[in-house]
Amino acid sequence: MKSSEAVIKLNEAGFKAEPAEVTRVGYHVTVALGADQIRPFAEWLLSEGFFIDFLSAVDASPAIQLIYQFAHFDAPCRIHAQVSLPDSGAVDTISDIYQGADWHERETRDFFGVVFSGHHNLVPLILCDEDKDLKPLLKKEGAKKSLADIGLGEMVA
Amino acid sequence: MVTKLEKIAGPKHRFLLNMGPQHPSTHGVLRIVLEMDGEYAMAIDPVLGYGHRMHEKMAEGRPYNGFYPNTGRMDYLGAILFSHGYVGLLERMSGAEVPERAEFIRVITAELNRISSHLVGIGAYVLDLGAFTPILYAFDDREMILDMLEAITGSRLTYCYFRVGGVTKDIDDTFIRRARAFIDRMRSRLPMYKDLVTDNLIFLKRTKGIGIIDRDMAARYGITGPVLRGSGISYDVRKSEPYSVYDRFDFDIPVGENGDSFDRYVVRMEEIAQSLRIIEQALDALPDGPVMVKPKKKLKLAAGGCNYTVEAARGSLSYYLVGDGSDTPYRLKIRVPSYSNLSPLPELCKGMLLSDLVTAMGSLDLVIPEIDR
Amino acid sequence: MKEIERYAQFLKDESEADSTELQGGAMNSFPLTEQVLKVCQANSLWPLTFGLACCAIEMMAAGMARIDMARYGAEVFRPSARQCDLLIVSGTVTKKMAPALMTLYEQMPYPKWVIAMGNCAISGGPFKVEDNYNVIEGVDRLIPVDVYVPGCPPRPEALIEGILKLQEKIAGKRHPWPQRKMKDAVKVHPIP
Amino acid sequence: MSGYFSELITGSKSLLVGLGVTFKALISPVVTVQYPREKIDVTSAVRGHIDLVKDEATGTHRCMVCLSCMKVCPCQCITVQGEKREGVKGKVLTLFALDFTKCSLCGLCVESCKPKAIDFSNEYELAGFTRDEFVFDLLKRVKERA
């Protein structure tokens with residue numbers, strides 16, 4: 001699927017997608033998602049034949065940003081989605097749609113303490129048991145910056 | 001799935017088997033907890049983190065150029081390919097110019113590194129299956145690459161050779177002569193590997209039809225690299241999103257037919273031949289000029305996220321960096337290929353014989369400290 | 001972390017208390033036999049197949065055709081700790097790995113020796129940073145180490161050098177028989 | 001049944017071909033380097049630990065205590081100290097210590113050094129009985145080399 005086509009189709013499916021400047025940011029489409037849209041978004045991607053590249057998070061104020069990236073085997077189309085973590089500290093899992101997300105979600109829980117509700121086995125993956133509440137990649141007080149300062153602000157839905 | 005034993009004796013024969021973290025065929029420090037039914041693995045639970053070296057945390061605490069040594073220590077078999085991704089990311093974000101000669105040298109060294117990585121992968125894989133001899137030949141060929149790379153980079157394994165704006169040292173005539181000699185030698189050695197391993201009936205019987213990955217499974221788990229291409233999908237970042245000067249070279253993407261362990265092995269062998277083609281073309285077209293444009297004193301990147309994807313020896317490698325205008329990264333996420341390639345193991349190997357599990361896992365060509373980062 | 005420290009202390013006490021007795025057994029009262037035994041031990045070290053990270057590849061390279069470790073009797077890489085007397089810690093030891101490493105050390109029968117290969121095993125190496133939360137800063141905090149081989153990673157020759165040092169420690173001489181008769185002059189092996 | 005025998009034949013053939021490869025290796029030149037009697041001809045580019053360069057003209061080191069190597073080192077393994085002395089321009093080096101057990105041999109210090117006072121040594125075969133043996137006093141080493 002061409003990236004221009006993907007933008008149109010994503011907008012038709014009800015997601016806020018925009019084309020991105022690939023030579024500057026390295027992905028073709030940006031999507032600003034609401035926390036409740038993650039599962040339909042993942043289902044749509046799977047039906048269109050996208051594969052999961054990675055899933056991670058960035059700690060910022062006011063809320064942790066979750067980063068999802070998907071790409072396609074047949075055409076250069078890399079979709080980059082950003083979700084703001086709700087106040088509840090939990091988002092829906094996509095590990096039953098994309099099984100590869102299972103480990104990524106467990107890793108994100110290890111490093112950031114993000115809870116993925118509905119995940120079948122959210123136990124520490126990388127860290128040892130005694131460090132399961134360490135959350136090493138959370139920023140220390142004072143080091144945390146706002147979304148505008150790190151340039152991710154304009155993408156929030 | 002119900003095994004023969006379970007049909008006869010009921011499910012009472014299940015027991016837990018611990019494989020690793022010290023096990024010769026887990027290629028490092030992977031631990032797998034298996035629920036066995038006799039000799040069949042019914043539930044597989046990989047336990048990661050035995051080689052977690054905090055690369056992402058370390059990136060946040062040091063300047064951009066202080067992360068160079070770390071890039072080589074994630075996938076130590078394909079260190080140059082990992083460095084290539086990182087400097088590519090920084091160049092994309094800072095807009096730094098790279099001399100053409102440096103780009104060619106990067107491609108040459110990266111492809112040499114890819115060959116050396118595949119040689120270790122193949123040798124260790126066949127060693128897992130019980131054949132000791134091929135790894136001796138594979139390492140013998142690999143030593144030639146390491147001699148070449150050591151002469152220009154100074155180290156054998158964890159190169160720290162690429163910099164923003166070029167490479168640290170120019171290649172000389174000795175390197176070009178050795179590289180050409182190596183291409184000839186390797187081309188004459190490839191039929192030998194075919195005789196010794198690929199045509200061997202025991203090897204065929206052990207690997208054919210074991211661990212089949214199809215397109216749907218590959219998409220759900222995000223499998224990339226030779227493991228994906230073994231399933232017949234010609235996805236290669238060097239072709240689909242060409243970086244550096246890869247779009248100037250003529251090379252094929254070898255693909256397999258059935259997606260089993262044997263196809264993955266064959267794809268790796270053919271990739272060695274394709275890499276030799278790229279190196280030959282790059283050596284022929286090597287332009288003159290400087291190899292380094294000295295950047296400004298300190299690298300500072302503007303705020304904003306940026307992604308850079310390259311084809312590492314084991315699949316697509318993405319660096320995702322969020323800058324905050326200072327000289328240290330705010331967040332660096334590294335998407336490593338082996339991580340996604342290992343994750344289908346529980347589904348892939350369910351109900352397999354333990355010896356077949358070793359076959360299937362070895363064909364994924366894992367580097368564990370890369371997975372754990 | 002406390003548990004790991006207690007375990008490490010236990011291993012240290014054990015090896016200190018019984019090292020002389022356990023290494024030679026009753027043979028210690030016969031000096032000549034003891035010396036013969038030690039030369040035999042030094043010439044047939046059996047390392048454990050145990051790779052942790054980058055250095056493991058150089059350890060493999062040391063066992064391959066170019067730098068053949070078999071020339072020093074150390075080629076029999078055993079997959080089980082119970083058949084080994086040399087533990088080459090080749091790579092970074094993490095907090096999760098530490099208990100497994102100590103168990104492996106305990107599983108090895110006496111006499112046993114440890115080589116810390118590479119900077120990570122010696123002191124944590126490049127990972128000994130301020131915000132380190134997962135890497136053990138030196139394997140000698142966990143188990144007693146006999147020989148240190150620095151480098152990042154060390155060349156295979158350095159590992160051979162470490163094994164020669166270990167032979168020196170075991171048998172009292174740098175080149176125990178039969179390598180003692182080696183010529184002093186060093187030939188240079190050219191690369192084509 | 002015929003499949004069984006044809007497999008037996010192809011299998012034996014593949015084994016014999018493999019043995020042929022082994023036989024060829026038997027009569028090809030030896031690749032083993034008899035270390036330490038023989039050493040590989042490592043190039044001057046090989047990276048051992050860093051060392052202070054001895055300037056042929058002055059017979060001493062060229063360090064001018066700018067501390068750039070110490071600042072750029074990602075592993076914090078270099079300690080440089082200097083002091084002001086009467087009648088000498090700039091600072092005088094009093095301590096140049098390298099904790100080699102923390103080094104990752106990245107070469108950033110050598111690149112950052114303006115007067116080219118440090119370079120890699122060719123000592124690639126170190127081994128010792130304690131870890132303190134690898135904390136080098138490079139200033140002492142350069143004086144001893146004189």
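Bear in mind the structure is a predicted one, so any value in this text is a computation, not a measurement. Every chain is numbered from 1 and lettered A, B, ... according to where its sequence line falls, protein lines coming before strand lines.
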### Query
Side chain, backbone, both or neither: which part of B/Lys333 has a heavy atom under 4.5 Å from chain A?
side chain
### Task
Compute the centroid of each ring, for B/Tyr339 and then for A/His104, and state whether the two points are separated by less than 6.0 Å.
yes
### Task
Examine whether an atom of A/Val123 lies under 4.5 Å from a heavy atom of chain B, and if so say whether it belongs to the side chain, the backbone or both; otherwise answer neither.
neither
#### Entry: Largest heavy-atom contact set with chain B, pairs under 4.5 Å, which of A/Arg78, A/Arg24, A/Arg106
A/Arg78
### Task
Examine whether an atom of A/Ile67 lies under 4.5 Å from a heavy atom of chain B, and if so say whether it belongs to the side chain, the backbone or both; otherwise answer neither.
side chain
### Message
Using heavy-atom distances under 4.5 Å, tell me whether B/Tyr308 contacts chain A through its side chain, its backbone, both, or neither.
### Response
neither
#### Entry: Part of B/Ala218 within contact of chain A (heavy atom distance under 4.5 Å)
both
### Query
Which bit of B/Ile233 is near chain A, if near means a heavy-atom gap under 4.5 Å: side chain, backbone, both or neither?
side chain
### No-hydrogen, no-angle side-chain donor-acceptor test under 3.5 Å, B/Arg331 and A/Ser56
yes
### Residue pair B/Arg62 / B/Asn70, side-chain donor-acceptor N/O under 3.5 Å
yes
### Task
Pick out which of B/Tyr86, B/Phe67, B/Tyr64 makes a ring-ring contact (aromatic ring centres under 6.0 Å, His included) with B/Tyr319.
B/Tyr86
### Message
As an exercise: rank B/Glu60, B/Met54, B/Met217 by heavy-atom pairs under 4.5 Å with chain A and give me the winner.
### Response
B/Glu60
#### Entry: Side chain / backbone / both / neither for B/Leu228 at chain A, heavy atoms under 4.5 Å
side chain
